[in-house]
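Report on the following structure.
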Amino acid sequence: MSGGEFLDLALSPFTYGYMRNAIFGAGVVGAMCAVLSCFVTLRGWALLGDALSHAVVPGVALAYLAGLPFIAGAFAAGLLAVVGIGVVERSTTLKGDAAIGVVFSTFLAAGLLLVSLYPSNLRLTTILFGNLLGISDEDLVQVYAAGGICLGVLLLFWKDLLLLSFDPAHARTIGLRVRALNFLLLALLSLAAVSALQAVGAILVVAMLVTPGATAYLLTDSFRRMLVIAPVLGGAATMLGAYASFFLDASVGGCIVLLQTAVFLVCWLFAPKHGLLAGRRREAAA
Amino acid sequence: MASDSPSIRVDGVTVAYRGSAPAIEGVTFALHGPTICALLGMNGSGKSTLFKAVMGFVRPQAGRVAIDGRDVAWAQRANAIAYVPQTEEVDWTFPVSVRDVVTMGRQGRMGFLRIPSATDRRIVADSLARVGMAGFAERQIGELSGGQKKRVFLARALAQEARIVLLDEPFTGVDLRTEAAITDILRSLRDAGGLILVSTHNLASVPDFCDEAILVNRRLVAAGPLATAFTPAHLDRAFGGTVRIATGSAGPAEPGAALPALAAS
């Protein structure tokens, strides 16, 4: 194969409109989820992220039935789940993860029930496994808008969110509005979960909301740098995953998440300070 | 008493957590700066709950708390109280540097975008220098020794410039040099008019640097100047007889000789 032919082949996905939409849409979703994943990993909110991505399902179903933008329905369902978790947690002595487990499985079950009771063009497989290649121009606009809102809000509030994540007691003593900030972060998470739903499906959203932050954490001791590294890695891995799926003719969500995991593994082994090998070298030197 | 001196007034406060007996019941005391007051009691005696009530983290079922004569919500907005947490409460793996943490002491006073001003930066640098941590500003907090960790959070409290400072077990796991450095700083804060409330297990050091003591055992056992509050009889009631005291006098307990430097818990 000549160089020219190789280039033609390499660029061939971009000759299809649906692939361009998929790759750029995935990049935005990947970067947005990755920024939030910095907070998710540091707060130990992985389960909550998983819960949110499942809890948006009935919202998608209802919005579809009512002919509303699916992002609105999903966002509402996500927030309702968060409120539900909060109510169960506050009004019982149950541990937080039990409250999360009860609420999010209920929401997912309600979503499955709705989809099966009212058959429509909305496929269960789309919700659970995503359908990035079928992303419409309209959906894409919604995704870009969600990404813009998410990044804008974080630019304004990341320092308060960081302080709250690090030391909630200090946050309260200096008068930060702790409840409002927590709600804000959860709202952004819902927004990201909805946007990622179409890209990788409800089952794999949690990977997008955890892995890039975990990877960035291994690479730096500075939260500020995490906020840059995570979206760059997350966005790139997501775009590459979508791109690779074209040639492999394989599940887009699977490609994206496995690629993110591969990046994580490389960093886990080779990260300059927190990597496995660096740790071994330190032990050997000591 | 100058009307603008910092104050904590706890009036008949009862706090119960869901599904449990009250953690503290009918506790009443008043503190006015300048003072250093020790908060003493066994584990589970309600010391932490009392701190939480003063900082407004828990709402009392009965009674009320006033900070500088106003409610706790005002105190939070006004950055009136600085809190130095126990070492165990902090996530030391968090990706923040020493300077980041001390700068957080200023954050409540910064503008909407939380960008530190030149003044904020200067106060952070001064606070770091005051606790002897200026050379460690760029370190990730997990890379510090036990004593250095305490100093960083003390520096954050200094940077906050609050007139009331609450310290939760500041002396556990620190060397003598750090303990002396911390007590020196607490004294200077007091001499500048501050109100310092320190919960501690180290009874022997109390007469060394405290002016007052509050002893709790779910209910208030005693509160006031050391001479009247820090007595063998009160200690016995607060610690349920786990502290054996050699002297039978009713006067203030002697440091070292009369009280072993034990963790009375």
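The sequence lines fix the lettering, A, B, ..., with proteins before strands; numbering per chain opens at 1.
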- Message: Could you tell me if the side chain of B/T93 sits less than 4.5 Å from the side chain of A/Y217, heavy atoms only?
- Response: yes

- Which portion of B/V90 sits near chain A, non-hydrogen atoms under 4.5 angstrom: side chain

- Query: In terms of heavy-atom proximity below 4.5 Å to chain A, should B/I141 be classed as side chain, backbone, both, or neither?
  - Reply: side chain

- Might you point out which heavy atoms bring A/R90 and B/R18 nearest each other, and give the distance in Å? O-NE, 3.2 Å

- Pick one of side chain, backbone, both or neither for B/V72, based on which atoms fall under 4.5 Å of a heavy atom in chain A. neither

- Query: With a 4.5 angstrom heavy-atom cut-off, which part of A/S165 approaches chain B: side chain, backbone, both or neither?
  - Reply: both

- Select one option (side chain, backbone, both, neither) describing which atoms of B/F51 are under 4.5 Å from chain A's heavy atoms. neither

- Under a 4.5 Å heavy-atom cutoff, which of A/L156, A/L176, A/D160 has the most pairs with chain B? A/D160

- Query: For B/R9, does the CZ atom sit with more than 12 other heavy atoms under 6.0 Å from it, leaving out its own atoms?
  - Reply: no

- Query: With a 4.5 Å limit on heavy-atom distance, are the side chains of B/R77 and A/I174 in contact?
  - Reply: no

- Below 4.5 Å from any heavy atom of chain A, which atoms of B/E89 appear? Answer side chain, backbone, both or neither. neither

- Work out which heavy atom in B/D91 is nearest to a heavy atom in A/F166; give both atom names and the distance. O-CE1, 3.7 Å

- Query: Under the 3.5 angstrom rule, does the side chain of A/R172 hit a backbone N or O of B/M55 as a donor-acceptor pair?
  - Reply: no

- Donor-acceptor contact present, side-chain A/H170 to main-chain B/M104, <3.5 Å: yes

- Note on the structure: When rounded to the nearest 0.5 Å, the distance separating CG of B/D100 from CG of A/L162 is 7.5 Å

- Taking the six-membered ring for Trp and the single ring otherwise, decide whether the centroids of A/F157 and B/F112 are under 6.0 Å apart. yes

- Message: Is it true that, when you exclude A/R177 itself, more than 12 heavy atoms of the residues, nucleotides or ligands shown sit nearer than 6.0 Å to its CZ?
- Response: no

- Item | Point-to-point distance, once rounded to the nearest 0.5 Å, from CG of A/D167 to CZ of B/R156 | 4.5 Å

- Message: Please classify the contact between B/A75 and chain A as side chain, backbone, both or neither, with a heavy-atom cut-off of under 4.5 Å.
- Response: backbone

- Message: Looking at every non-hydrogen atom in both residues, tell me the closest pair between B/F57 and A/A169 and how far apart they are.
- Response: CZ-O, 3.2 Å

- Please lay out, stage by stage, how A/L163 and B/R114 fare under the test side-chain contact (heavy atoms from CB on, under 4.5 Å). CA-CA 11 Å; A/L163 196 158; B/R114 307 299 195 197; over 6 Å; no

- Gap separating the CZ atom of B/F94 from the CG atom of A/D221, nearest 0.5 angstrom: 12.0 Å

- Task: Return yes if some donor-acceptor pair links the side-chain N/O of B/Q107 with the main-chain N/O of A/K159 below 3.5 Å, else return no.
- Result: yes

- Task: Return yes when atom CH2 of A/W268 has more than 12 non-hydrogen atoms of other residues, nucleotides or ligands closer than 6.0 Å, and no otherwise.
- Result: no

